[in-house]
Every structure is written in structure tokens, then in C-alpha cells.
Amino acid sequence: MNTFFILVGRDLRLSVRHRADTVMVAGFFAITVILFPFGIGPEPGILERVGAGIIWVTALLASLLSLDHLFSDDEQDGALDLLLTSPAAPTLVVAAKIVAHWLTTGLPLTLLAPILGVTLQMPVGSAAPMMTALLIGTPTLSLIGAVGAALTLGARRRGILMPLVVLPLYIPILIFGVGAIDTTSMGFDAGGLFTVLGGFLLIAAALCPWAAAAALKIASE
Amino acid sequence: MNTFFILVGRDLRLSVRHRADTVMVAGFFAITVILFPFGIGPEPGILERVGAGIIWVTALLASLLSLDHLFSDDEQDGALDLLLTSPAAPTLVVAAKIVAHWLTTGLPLTLLAPILGVTLQMPVGSAAPMMTALLIGTPTLSLIGAVGAALTLGARRRGILMPLVVLPLYIPILIFGVGAIDTTSMGFDAGGLFTVLGGFLLIAAALCPWAAAAALKIASE
Amino acid sequence: MHALANPTRFLKLAATIQPWAAGLCILCFLFGLPIALLFSPPDYQQGDTVRIMYIHVPAAWMGLFCYGVMAAGSASYLIWRHPVANMIAKSSAPIGAMFTALCLLTGMLWGQPMWGTPWVWDARLTSMLVLFFLYLGYIALGGAFDSPEQGDKAAAILALVGSVNLPIIKFSVDWWNSLHQPSIFSMAGISVDAAMLPPLFLMVGAFQLYYVVVVLMSVRAQVLTAKIRAAKLMRTT
Amino acid sequence: MTGFAMVPAMSNQTQSSVTLNVSNLSARRGGRTIFEGLSFELQNGQSMAVVGPNGSGKSTLLRVLAGLLRSETGTVQINSYNTQDICFSGHRDGLKGALTVHENLTFWANLYSAAENAVETAISLMALEAVLDMPADMLSAGWRRRAGLARLALGTASIWMLDEPYTALDTENVTRIDNLLSAHVESGGIALLATHQAPGFTPTQRIDMANYRAKAPEGPEMDW
Amino acid sequence: MTGFAMVPAMSNQTQSSVTLNVSNLSARRGGRTIFEGLSFELQNGQSMAVVGPNGSGKSTLLRVLAGLLRSETGTVQINSYNTQDICFSGHRDGLKGALTVHENLTFWANLYSAAENAVETAISLMALEAVLDMPADMLSAGWRRRAGLARLALGTASIWMLDEPYTALDTENVTRIDNLLSAHVESGGIALLATHQAPGFTPTQRIDMANYRAKAPEGPEMDW
Ligand code: HEM
Ligand SMILES: Nc1ncnc2c1ncn2[C@@H]1O[C@H](COP(=O)(O)OP(=O)(O)OP(=O)(O)O)[C@@H](O)[C@H]1O
Ligand SMILES: Nc1ncnc2c1ncn2[C@@H]1O[C@H](COP(=O)(O)OP(=O)(O)OP(=O)(O)O)[C@@H](O)[C@H]1O
Ligand SMILES: [Mg+2]
Ligand SMILES: [Mg+2]
């Protein structure tokens, strides 16, 4: 467990070394969310209707973009070899990286979402379900994304291959995440949808670190 | 001029080495376009209304993602140093990379757009203006993106920094590109908008290769 | 199974099975297609459009089946390192992708008259589309490595991870109320006219045999290219 | 320069328990068997130079021994009293450019559960004081390698596997590494060293990869 | 400020026109002046070993001379009869892993406008026949370096700047590079060689970077 915190601490330090980094994830999120009103036009009725979808799609893309470097930085400079020959179990290394990734992307996104909801003219009541859905859903994104990042590690054109591998697996989270927000803000009970999201999280937490560790072993060959 | 074709040929060969590559850009584009109906829901009226915006936003993101590796691959393995000490002028090197990038991303995207328009339930009449707009607009994306890629070359977390630098410059193209499609499919004449897009392309073609070459010089220091 | 893991023995076995499967496949098509498209009864509700079913349903089943084979082959490749299992998985991918695309296309053709729209964002339809992308991802990932072995293993892991999608497709009609038809075969019995079953089964058989023939051909080709490549590498270095 | 005494980790245990046992090893890469039929045993205090021309499989052997590559046949058995048996060092040094040299070293010390003052010992052994607070990105090739090899001096692993450690080092630093190696081996450790340069310290064993090159397994029996 | 005066290709010049003229050069990196007051001249057939301990500025000097880094003061003047004056080779070799060795080499030959059969000559000089059709990613460290250095053997540049070319090479290949260097210098080229290993061929000149170390500009005057 101690090892786990050492690993998480290192990744956090690397990503907060320049404070700019966390700002960047947030900035990307904000800019992309702001692109849509430009692309769609400012009509309030439509924006309001598609707001939850845009926030979720952007969260997926932000997560995807930042996952690109999850393992490849360590692979490039040889640190991955050293981590894999260290006393830390590969699964633990992967799990620590996933946690650090969520802390630097998923968590800020979750905290920022209500503010961005306002710019998309979403109803005030949607803030709470939005944050809850993101809080349950974004860790699953990091988990699944880690598998994709590990699988595509040695591959050419990772930047393009990653989305192809990962996005199909993200789609269920997107559907349920948006559904949970929309259902709640329409005044219905979305408990079932949140439960499904939680179920995804549990399954992903149980499977993904192992799958990613196995994929890493292959990549280092 | 001969040098130019040698350089373009090399980049094309690198990216078509495995046929899978071009399929991947297309795949990313398709997947992301398909995410939105998931996020927004299947109601035809709304999808139709936001279709052009979604296609353009996705084209921006696809372009952005693939630009990430425009110079960094060559920087990582030292080839950039060799290119910059070769008899080829840096501006020529940059221009060749931009052309190769457009041929492998912008062009397939343009060709694919009408098919994706159908899945977004856009009117059939919008296919022609959409392709024209993309044909004029996507080279500008590659040009501007190259400057961003060169500027962020030495920076950490390029994957996240790039969008921040490039997306603001992409916004005008997005606005006019969407406007051109929507105006035409509403039955009005969008000649002025296309002219503006063409103007952007000319300005970008005149400035960006030089700016990117200058940025590269700085990054290699 | 272990006996089949030996490529040389597999080659022999494949050579004997293949002509039989090919012949049977042609027979099934010869009988199945005319019966399905011309002589079977029209539906009392859907009329002649129901004939799309004889392509659509077998294609859908094959799309799922190929993924199942792919996942099983990938698992046995990862666990027991059976090269032939991997080759079967690899050859199943493009065929499965093709059947899935066929299912999507015929579904869209069918949806136009039945639902008034070729496409709705409904759980079954979208999960089938996701399946198609998983196939594409598997193919792209497998070809994206310099070392073929690495690509094979990475793609195998993806196939296993993606197999969580299979139950979602299968049970999506039950879990979410959907526009799409529920299962023909369920606990409650068979839900179509008995006269529709023979052509349906003939078509299912034809598709299945077609799959077997193509996979055998492709695996044989892979075995031979691998041998040639190994021999070449030996000579050069 | 003061003496190189490797104090930590080794003290209380019987040193006879460190062994590396390799039998009938073969490895495959890119569809080709690189070497085969390789067997040897190293015990505490023994070291081995892995030599051979370019492409003969030195790096591949070390990666297989370190568990980074799967062997095709054969076994690698490691007995050691340490939780962390192996300290691997490859062509690339694994430093994080954004972190300072000190931060890099501290991370590995923590991960390896090194002794309290291990970092300070390593710093003085490798004479890294001058660059401690520099981001590793700003180091020259030789300093960088030296900072990377400082991991060895943390004194936690009993088996060292070094792939061309002398790359980019000037003579003074080559000697520094040699001294480190001698001290490690003298205090009961095991070291494997793949290099084209003759090391300044004499390994007890030597394996020439050219002797284990795989025979072409052509013919119908081929079975992969 | 820097002045790069490049005299372009003039038709019938003798090879005696190749000169590299460096005067009062100093370079800054990471806010610190690395070396200063460096002047020398190399003419056709001359070569120079750039030596000095780790971090003394050998790589920095070569990068400044190749035009990859700006100098702080001083000038670098290159006169040459070739369109392509410089062949630079750094710590990293610039091979594209996805391309085969042959494709890599052909690209550079085309870009450098090398002679018709230059690629074949380079291949046989570096004995690369066995790996021509291998993707560069699959090469061992030494083969990779050898394939990277084959650019030199294309015979186009008159000034070679090599940063630690011997890295990862076995003795046979070190000799190969040495022969290449001797032949280049004998035929009137210029070579600069930064290395810690003693080369098998004797450069006519030698510069020790330790002698040009900048005085510590510490105190309140420090400007960054
Ligand atoms: C693009 C649209 C469509 C897609 C992607 C699609 C997909 C599928 C899939 C995956 C199955 C196999 C399910 C299983 O084995 O459990 C299936 C079966 C079936 N589909 Fe579709 N379908 C589409 C449109 C339609 C339409 C428009 C109809 C008719 C109105 C239809 C009627 C059926 C029937 C009757 C079955 C057999 C039911 C069963 O045994 O499960 N499908 N379809
Ligand atoms: N990217 C950089 N940013 C800032 N400073 C740097 C950078 N690279 C090198 N330096 C500094 O410049 C100095 C000279 O480095 P250089 O790489 O030229 O040394 P070198 O003589 O090649 O050493 P080595 O033998 O270790 O390769 C070093 O003190 C180093 O700290
Ligand atoms: N990533 C790889 N994929 C496929 N084959 C590889 C890979 N890396 C190395 N090889 C092959 O394995 C063989 C042995 O390589 P290895 O790196 O072990 O050699 P080495 O003895 O370390 O050589 P060097 O002295 O050049 O470092 C080489 O013939 C090489 O072609
Ligand atoms: Mg090696
Ligand atoms: Mg150097």
C-alpha cells in the first residue's frame, strides 16, 4: 500500500510540477465546450437540450487526450522497464497511474462541470446529477482508457489508434451518463441509471488494471 | 521542388506503411461523429439542426489529434536535427509535412463527410457545400495546426497544450465553415462565406510555413 | 484442441474438411436463396419485406458468433500460446466485420419501411455498431506493430476486453424497451411461423459454412506465409 | 575519492543465498530465435561479462533475465534474500526530465524501500552534488547516465544487470562505475555486464553470445 | 551575434576551398554560458577530436557548429564546394523505425542529392546487406547505430560532425567507422569528432573543452 502511494505521488508530482498542467486539462475542457455554441449557434432551446451530451462527449475526449501519455512517457525514457523490474507489482503500477490520472483530469472535470453547464444554459437543477454522474463515470473512463493506452503502447500512430480502441468501450458510459443527467433534470428518478454507472465502475475496476498490466508486458517485448 | 516531393513522399510512406493508418483517421472521425447522437439522443429534428456543427468540431479534433505527431516523432528519434542540417530549407520541410498531413487526414475526412452527414440525418442537399467547405477549410486546419505543433514541441504535456494553442485559431474556420453549410442548405447563397474561407487559406498558406519553421528552430535549441 | 495446435497437423485436417464444407455451403445457398427470396410465405404484417430477415438474422448471428470465436481463440492464444488459435481469431475478424456490416445494412434497409427511418439510436442497434468498431479496432491494432507477435497479443487482449459487449447486444432488447424485434427463440417458444424456419436455417447453414471455408483458407495461407517468412529470416541473418 | 563500502541491506543475511540459475534458455524476437541452449549459474560474489558482436543477443539476454521478455524455452531461477532482487539498467536510463536529479533518486529509493541514508550515500558515491537540483532534462549525456546509474548505489538489489553502462561516460566516471561494481561483487552481490568496452574490473565469468546463436531450424519439423 | 556566412556551390572549385572557421565562439544553455573564447580553423584534410569531461560542452559545440543552436557570441564560417556542407550525427540516430534500413538510407541519399550508386556504396561500406529489409525498429543498438552512420558513407557532405559515433559498436564496427573517417579526411574532407573513446584514426587537431569553460558569472550580475 505504501508502494502504491509512492507511485501515485510520483505521477502527481510529475503532472503538477508545472502548475500549468492542471490548468491545461481544465482549459481544454472549457475551450471545447465553448466551441459547440459556436458550431451550433446560440439558440437557447437547442443548447439546453444538448448540454449534457456535449459535456460528456468533451469529458471523453479530454480523458482520451490526456491518456495518450499515461504510459508512453515512461516507455520513451526507459522508466517503464525499471518500474516493471522493481519490486512493485505491474498491476499496482498500473493502478497507481490510473488513480493519478483521475486525480489530475477526472476530478477537475467533475468540479468544473457545473460552471460549464451554466455557459451552456443548462437548468440549475442539473448541476447535482451532472456532478454525481461524472464522479462515478470519469474513473471508469480512466480505467478503460488505461487499457487502451497500454494496448497501443508500441503501436504506430497511437494518437489515432487510441480513440478507435477506446471510444467504443466509452459509449455505454456516455449513454448512461447523459441519461442520468437528463432523466433527473426532467424530474424523474434516475437511480437505476446511476446504479448501472456504478456497476460499470466496479467491473472496470476489477478487470482493467489486470488487462492493462498484461498489455504493458506485451508492449515491453 | 524535387526536394519537396522527396519529403512529402517520405511522410506519406511513413503514414501509409500499413494501410491500417488511413483507415484509422477515418475511423476516429466516424466514431466521434457517432458519439454525438449517443450523447444528444436520436431525435431527428435536433440532430439535423446541429449536424454541420458536429462534423466541423469533429474535423477539428481529428486534425488536432493527428497533428500531435507532426514534428514530435522526428524530434524524438533525432531525425529533425538531421532534416534541419540537411540542404532542404526548414520552410520547405515544414511545408512538405503540412501537405502530407492534409493528404492523409483532411482529404479522407472531406471524402467521408457526406456519408457521415447521412447518419446525422442531414439533408441530402448539404453534401456538396459540406465537401466544398471542408476542402477549403481542412488545409487551413493543417497549416495552423503545424504552427501549434512546432510551438509546443519542446513543451511538456503537448497533448493538452496543443488544443489550447490551436483551438482558438481554429474557431474562425469553424464559424465560417458551419455557416457556409447551413446557409447553403437553407437555400441562400453562401458565396461570401466560401470566399472568406478561401481567404483564410491563402493567408495561412502564406504565413504558417514560415511561422512553423521559425518555431521549430527555437524548439531545437 | 491441443492436437489442432500443431500447425502441420492442422494443415492436413483443414485440407480434408475444406472441400466438403465448400460443397455443402454451395448447396445451402443453392436451395436456401430461392426458397427464402421467392418461395417462402410473406409475413401477414410486413409483406415481402420480411424476406430481408433471411439475410439479416443469419448475418446478425454470424456477427456475434465470429466475435465469440475471436474472443475464444484470443483467450487460448494468450493462455496456451496456440498459434493456430490466434490465426483463427485473426481470420474471423474481417469476416465478422463483414457480417456485422451486412446486418447493419440490411437492418437499415428493413428499418426504412418498417420504422420509417433507417436508423435510431437504440440499444441493440448502437451496440451492434459498437461491435463493428470493435472489429475495426481489433484489425487496426493487430496491424499497427512492427513485430507481428506484439500486434497479435495486443489485439487478443482487446478482443477479450471487448467481449463484454456480447451480452449487451444479446440482451439489449430485453433490458431496454426497444423498437427492435425480440428474440425468435426464447423461453416462451418460437415466435415465427413454422414455414419461415427451413429457409432461415438453410441460410444460417450457408453463412456458417461460408465462414468455415474462408477461415480455413485464410489460416492455411497464414501458416504457409509464416513458414516462408521464417525461412527467409533464417537465410538473411 | 573515499572507499566504496556498500553498507545497507546486505548485513544480517547469509550471503550464500543469492543465486541466479539459468538453464537451457532460448529467446525469440521478431519471429526469429536469437540464442538457444544457454545455461549458467552465478552465485554470491560472482560476476559475468556478456560479450558478443552487435546483434548477438546481449540486450535480449539481459531483458529475459530481468523478466522484461518472455523466454522461448528454459528457466531462469533467482534466489535472493532481498525483496528487490534485480537492478536493471538498459540503453535508456529512465530519468524523468521534469524532476530534479534528487527527486528522481528519492523516488527509486522509496520504491526500492532503501535504507534511510541510501540517497545521500548514492549521491556521494556518484559525486552528483553539483547537479542535485537540476531537472534531469538539462544534463549532458554523461551526467545523465551517471544520475541514472546512481540507482545502483542505493544498495538494495543483489543482482545487477547492466546493458552498456559505460556509454557516454568519461574516464573518471568509468572508473567510478568500476569501483561500484567491484564493491558490489565483493560484498556478495551478483553482476551481469553487457558491454563492448573492457571493464576496469574483472568479472569472474564471461559468456560469448556468439557461441549460442541459434541453428537454422529449417525443414518440415518447424513448429511454432 | 552570430554570423553564418555560407559561400554557395561554385562550379569548378578545388577541394582546397573547404574551410571551417570558428572565432571567439561562446554558447549559452539553460541560462549559463557553457564555453567561451573558442577559436579554431579547419581546412580540407584536417580533423579534430573534441574532448573534455562530461558536461564540458562537446555536444553543445557541435550543435552550434551545425547551426542547431545559436551561439552567444562569435562567428562560424563555412566555405564549401558542396551544396550540402554538413553531415551531423548526434546522440540519436534519426532512423525511422517503421521504414526499412534501405528505405531510410535511400531517403537521405535523395535528400542530399547523392550520386546514383551512393546507396549501394554506403551499404557495402557499412556491411548492411543482411538487414536491408528489416524495419529499423527491430535492429539491435549497434546495428541501428551502424545503419544511422551509413548516411556518412553517402559521400555528399564535406564536413562531418559526429557526437560519440562509437556508442554501442563492437570492435569490428569501430574499425569500420575509423576507416570511413580516414578515407573522408584523406580525400579532403573535414571531420569533427566528440568522443570519450580514443579513435583508431588520429585526428590532426584536438580541442579540450575543459580549457574553454566559462568563468562562473555568479553574483548580482547574473542575468536570466
Ligand atoms: C440497422 C438496424 C438493425 C440492426 C443493427 C439489427 C441488429 C440485429 C441483431 C444484432 C440481431 C441478432 C440478435 C440476437 O441474436 O439476439 C438481430 C436479429 C433480428 N432482427 Fe435486427 N437489426 C436491425 C434492424 C432490424 C429491423 C428493421 C427489423 C424488422 C423490423 C429487424 C428484425 C430482426 C429480427 C426478426 C431478428 C431475429 C430476432 C432474434 O432471433 O433475436 N432488425 N438484429
Ligand atoms: N537542453 C539543455 N538545457 C539546458 N542546459 C543544457 C542542456 N543540455 C545541456 N546543458 C548543459 O550544457 C552543458 C554542456 O552540455 P553538453 O551536452 O554540451 O556536454 P558534453 O560535453 O556533450 O557532455 P557529455 O560528455 O556528457 O555528452 C552541461 O553542463 C549541461 O548541463
Ligand atoms: N524489438 C525487436 N524486435 C524484433 N527483433 C529485435 C528487436 N530488438 C532486437 N531484435 C533482434 O534481436 C537480435 C539481438 O538483439 P540484441 O539487441 O539483443 O543484440 P545485442 O547483442 O544487444 O547487440 P548490440 O551490441 O548491437 O546492442 C538482433 O538480431 C535484432 O535484430
Ligand atoms: Mg544491445
Ligand atoms: Mg554530449
Peer 1: Only pairs of heavy atoms separated by less than 4.5 Å count here; which of D/Thr60, D/Asp93, D/Leu68 has the most with chain A?
Peer 2: D/Leu68
Peer 1: In terms of heavy-atom proximity below 4.5 Å to chain A, should D/Arg151 be classed as side chain, backbone, both, or neither?
Peer 2: side chain
Peer 1: Using heavy-atom distances under 4.5 Å, tell me whether A/Leu83 contacts chain D through its side chain, its backbone, both, or neither.
Peer 2: both
Peer 1: Taking A/Ser86 for its side chain and A/Ala88 for its backbone only, find out whether a donor-acceptor pair lies under 3.5 Å.
Peer 2: yes
Peer 1: Would D/Arg176 and D/Asn173 count as having a side-chain donor-acceptor pair, cut-off 3.5 Å?
Peer 2: yes
Peer 1: Classify the ring geometry of A/Phe200 against A/Phe176: parallel below 30°, tilted from 30° to 60°, perpendicular beyond 60°.
Peer 2: perpendicular
Peer 1: Only distances under 3.5 Å count here; give the side-chain donor-acceptor pairs of residues 162-171 of chain A to other protein atoms, sequence neighbours excluded, each with its distance to 0.1 Å.
Peer 2:
| unit_1 | atom_1 | unit_2 | atom_2 | d |
| --- | --- | --- | --- | --- |
| A/Tyr170 | OH | A/Ser63 | OG | 3.3 |
| A/Tyr170 | OH | A/Leu141 | O | 2.8 |

